[in-house]
Amino acid sequence: MKKIEAIIRPIKLDEVKAALELIGIRGMTVTQVSGCGLQKGHTSYYRGQEYTVKLLDKVKIEIVVEDSFVDRVVNRIVQAARTGEIGDGKVFVHPVEKAVRIRTGESGEDAI
């Protein structure tokens with residue numbers, strides 16, 4: 001099993017969710033996060049005062065899938081989240097040793 005973490009623009013969340021639903025992804029965890037990478041924030045003005053926002057709002061999606069499903073999920077996320085601009089985000093894939101569904105006690109791939 002693998003855990004896929006995707007950090008994306010908030011405006012792309014609905015597109016990514018829809019793309020994942022088309023390939024049968026039923027469950028995911030979505031968290032509001034802040035961060036910066038190459039984009040390094042931006043400068044804005046409020047009431048005539050300039051200020052710099054160093055951490056930008058992002059969304060983190062976490063999904064656990066079978067090993068054979070990883071490439072399909074990653075490709076869908078990348079296609080749906082891409083704008084071609086700096087700040088589109090990143091996808092990380094981590095190994096998962098064990099998963100247990102609390103309600104039924106199922107474990108391994110049966111739990112996901």
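None of these values were measured; they are calculated from a predicted model. Starting from 1, each residue takes its place in the sequence as its number.
Remark: the backbone N or O of Ser34 is not paired with any side-chain donor or acceptor of Asp57 at under 3.5 angstrom.
The shortest distance between side-chain heavy atoms of Val59 and Gln32 falls below 4.5 Å. Asp71 places none of its side-chain heavy atoms less than 4.5 Å from the side chain of Val73. In this structure the side chain of Val64 never reaches within 4.5 angstrom of the side chain of Lys2, judged on heavy atoms. In this structure, the side chains of Thr29 and Ile61 stay at 4.5 Å or more apart for every pair of heavy atoms. Counting only heavy atoms from C-beta outward, the side chains of Val30 and Leu13 approach each other to under 4.5 Å. For the pair Arg9 and Glu85, the minimum side-chain heavy-atom distance is below 4.5 Å.
At a threshold of 4.5 Å between side-chain heavy atoms, the hydrophobic network of Ile, Leu, Val, Met, Phe, Trp and Tyr places Val93 and Val96 in two separate groups. Leu20 and Ile112 are not part of a single hydrophobic cluster, where members link through side-chain heavy atoms under 4.5 Å apart. Placement of Phe92 and Val78 in two distinct hydrophobic clusters is found when ILVMFWY residues are connected by side-chain heavy-atom separations under 4.5 Å, directly or transitively. A continuous path of Ile, Leu, Val, Met, Phe, Trp and Tyr side chains, each step under 4.5 Å between heavy atoms, connects Ile23 with Val91, placing both in one hydrophobic cluster. Transitive grouping of hydrophobic side chains (ILVMFWY, heavy atoms separated by less than 4.5 Å) keeps Ile8 and Leu56 in distinct clusters.
Annotation: side chain to side chain donor-acceptor pair (under 3.5 Å) contacts of Arg101 (sequence neighbours excluded): Glu106. Residues that satisfy the salt bridge (charged side-chain N to carboxylate O under 4.0 Å, His left out) test with Glu109, not counting sequence neighbours, are absent from this structure. For Glu5, the salt bridge (charged side-chain N to carboxylate O under 4.0 Å, His left out) test picks out Lys3, with sequence neighbours left out.
Atom OG1 of Thr31 is separated from atom NZ of Lys58 by 15.0 Å, given to the nearest 0.5 angstrom. Atom OG1 of Thr104 and atom CG of Asp110 lie 8.5 Å apart (nearest 0.5 Å). Atom-to-atom distance recorded for Ile7:CD1 and Asp88:CG is 13.0 Å, nearest 0.5 angstrom. With rounding to the nearest 0.5 Å, the separation of CZ in Arg26 from CD in Glu21 is 11.5 Å.
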### Query
Please walk me through it: do Glu62 and Lys60 pass side chain to side chain contact (heavy atoms under 4.5 Å, CB included)?
CA-CA 7 Å; Glu62 297 172 285; Lys60 179 165 75 169; 4.0 Å; yes

### Task
Using the side chain to side chain contact (heavy atoms under 4.5 Å, CB included) rule, take Ile4 and His94 through it: C-alpha gap first, then chi angles, then the decisive distance, then the call.
CA-CA 6 Å; Ile4 300 169; His94 309 278; over 6 Å; no

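Crowding of Ile102 atom CD1: a count of heavy atoms from other residues, nucleotides or ligands under 6.0 Å not exceeding 12.
Across every non-hydrogen atom of Ala99 and Ala111, the tightest pair is O-CB, 3.6 Å. Here the shortest heavy-atom pairing between Ile25 and Phe69 reads CD1-CE2, 3.5 Å.
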